[in-house]
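A short worksheet on the structure shown next.
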Amino acid sequence: MTPLLNNLFGTPKPVIAMMHAGALPGRPRHDPAQNLEPTRDALARDLDALQKAGVDGLLFCNEADLPYRLRTGPETAAAMAALVGELRAGIHVPFGIDIVWDPAASLAVARATGACFVREVFTGTYESDLGLMQPAAEAHQQQAHQQQAHQQDVAVFANITPEFASPLGNRTTTERARGAVFRGVDAILITGPITGLPTDLAQLRAVKAAVPGTPVLASTGVTVGTIKRTLEAADGAIVGTHLKHDGVTWNPVDPVRAAAFMAAATRAKAEMAV
């Protein structure tokens, strides 16, 4: 058990569920004839289903803002902050923010909404479907953002194996994990190659051994059939696609699937506690 996760979520090995927002203003999939009400209402339904299922935390993300950008515009951060603000009174579990590929925007929205963590890529250089991704190129700025986050009790969950991307250079994943921890991130995330595909648990175990004392979570591809072995290897899990109707990322949360997943997660945690 890691004290950070227990302090944030009130339970060891938390299950954090994705809150995928529909396309936000300014992005190609957003309907300019619509205001934010349909997106807010869809998120409210997902929020209700996930909290009734018993998830330990939530992660708001602009997943539908395709094609993604390495720097989002102010309209994205403003829209996400507005959505979370409208839902805030009904959120009864800890929550985080992920503005895809933009750590500065994620931290800004987290601070504005009272989120307790962010998920993003904070370190390294990657070739990706979006071109060259180099969050470390703005090291001083990112360090300042992280310091501000810590001052405001926002934990930094750093993805060191981002989807749709490959690291440049010869350092191993464990070496990059050690570097990220040295720079002061609070937790390490290991993901599959794209959204919804499984995390490599062997890689996750190797990273856990390399950074003892730092939480390491599985961040993609967890299912009802894999949650037990995932929690045996990881300090927690982030799940999204598997909880949706028919297991499709863009669909609404399926209350039946979400309840079945959390029942399996609860059994797994109980068995590991014996």
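This one's a predicted model, so the numbers in the text were calculated from it and none came from an experiment. Just so you know, these numbers use all the heavy atoms, side chains as well, and skip hydrogens, waters and symmetry mates.
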Legend entry - Side-chain heavy-atom pair Ile91, Gln51 within 4.5 angstrom cut-off: yes
Legend entry - Between CZ on residue Phe9 and CD1 on residue Ile16, distance to nearest 0.5 Å: 3.5 Å
Inset, instruction - Before giving the answer on side chain to side chain contact (heavy atoms under 4.5 Å, CB included), spell out for Leu107 and Phe122 the whole-Å C-alpha distance, their side-chain angles and the decisive distance to 0.1 Å. - result: CA-CA 11 Å; Leu107 286 164; Phe122 284 89; 3.9 Å; yes
Inset, instruction - Give the cluster check for Ile97 versus Met19: same hydrophobic cluster or not, with ILVMFWY residues linked at side-chain heavy-atom distances below 4.5 Å. - result: yes
Legend entry - Which atom of Thr249 lies closest to which atom of Lys244, heavy atoms considered: O-NZ, 2.6 Å
Legend entry - Stepwise side chain to side chain contact (heavy atoms under 4.5 Å, CB included) check, Tyr68 with Asp129: CA-CA 9 Å; Tyr68 300 133; Asp129 288 353; over 6 Å; no
Legend entry - Over all atoms of both residues, closest heavy-atom pair of Ala115 and Gly96: CB-CA, 4.1 Å
Legend entry - Side chains of Thr113 and Phe60 in contact at under 4.5 Å (non-hydrogen atoms): no
Inset, instruction - Considering only Ile, Leu, Val, Met, Phe, Trp and Tyr, and joining two whenever side-chain heavy atoms are under 4.5 Å apart, list the other residues clustered with Leu168. - result: Leu132
Inset, instruction - Report the residue from Leu217, Ile190, Asp235, Thr174 that forms a side chain to side chain contact (heavy atoms under 4.5 Å, CB included) with Lys208. - result: Asp235
Inset, instruction - Could you tell me whether the side chain of Leu5 reaches within less than 4.5 Å of the side chain of Lys13, counting heavy atoms only? - result: no
Legend entry - Side chain proximity check, Val222 to His242, heavy atoms < 4.5 angstrom: no
Legend entry - Shortest non-hydrogen contact from Thr191 toward Ser219: CG2-CB, 3.5 Å
Inset, instruction - Say whether Ile227 and Met272 are linked into one hydrophobic cluster, either directly or through other cluster members, by side-chain heavy-atom distances under 4.5 angstrom. - result: yes
Inset, instruction - Determine whether Pro167 and Arg176 make a side-chain contact, defined as any pair of heavy atoms from C-beta on separated by less than 4.5 Å. - result: yes
Legend entry - Closest contact, heavy atoms only, Ala21 versus Met80: CB-CE, 4.2 Å
Inset, instruction - Could you tell me whether a side-chain N or O of Asp98 sits under 3.5 Å from a main-chain N or O of Cys61, the two making a donor and an acceptor? - result: no
Inset, instruction - Would you check if the side chain of Asp102 reaches a backbone N or O of Ala105 as a donor-acceptor pair within less than 3.5 Å? - result: yes
Inset, instruction - Mind checking the CZ-CG spacing from Arg45 to Leu47? Nearest 0.5 Å is all I need. - result: 12.0 Å
Legend entry - Polar contact flag, side-chain donor to acceptor under 3.5 angstrom, Thr11-Asp56: no
Inset, instruction - Could you walk me through whether Thr230 and Thr199 pass side chain to side chain contact (heavy atoms under 4.5 Å, CB included), step by step? - result: CA-CA 9 Å; Thr230 298; Thr199 299; over 6 Å; no
Legend entry - Point-to-point distance, once rounded to the nearest 0.5 Å, from OG1 of Thr241 to CG of Asp246: 12.5 Å
Legend entry - Nearest non-hydrogen partners of Tyr126 and Ile160, listed with the distance: OH-O, 3.2 Å
Inset, instruction - Enter the distance from His20:NE2 to Leu59:CG here, rounded to the nearest 0.5 Å. - result: 7.5 Å
Legend entry - In one Ile/Leu/Val/Met/Phe/Trp/Tyr side-chain cluster, 4.5 Å: Leu66, Val100: yes
Legend entry - Under 3.5 Å: donor-acceptor pair, side chain of Thr125, backbone of Gln134: no
Legend entry - Beyond-backbone contact of Arg40 with Leu87, side-chain heavy atoms, under 4.5 angstrom: yes
Legend entry - Sub-4.5 Å side-chain heavy-atom contact between Asn159 and Thr161: yes
Inset, instruction - Could you state whether Val185 and Phe157 fall into the same hydrophobic cluster, counting links through intermediate Ile, Leu, Val, Met, Phe, Trp or Tyr residues with side-chain heavy atoms under 4.5 angstrom apart? - result: no
Inset, instruction - Classify the side-chain pair Thr226/Arg229 by whether it contains a donor and acceptor separated by less than 3.5 Å. - result: no
Inset, instruction - Could you check Arg71, Arg69, Arg27 and say which one makes a side-chain hydrogen bond (donor to acceptor under 3.5 Å, both in side chains) with Thr76? - result: Arg69
Legend entry - Glu37 CD to Asp41 CG distance, which is reported to the nearest 0.5 Å: 6.5 Å
Inset, instruction - Give the intermediate values and the outcome of side-chain hydrogen bond (donor to acceptor under 3.5 Å, both in side chains) for residues Thr123 and Arg183. - result: CA-CA 9 Å; Thr123 61; Arg183 283 195 58 203; 5.3 Å; no
Legend entry - Spacing of CG belonging to Leu24 relative to OG1 belonging to Thr72, to within rounding of 0.5 Å: 9.5 Å
Inset, instruction - State, to 0.1 Å, how close Ala17 and Leu243 come at their nearest heavy-atom pair, and which atoms those are. - result: CB-CD1, 4.0 Å
Inset, instruction - Would you indicate whether the side-chain heavy atoms of Phe117 and Pro94 approach each other to under 4.5 Å? - result: no
Inset, instruction - Treat each ILVMFWY residue as a node, draw an edge where side-chain heavy atoms are under 4.5 Å apart, and state whether Val121 and Ile238 are in one component. - result: no
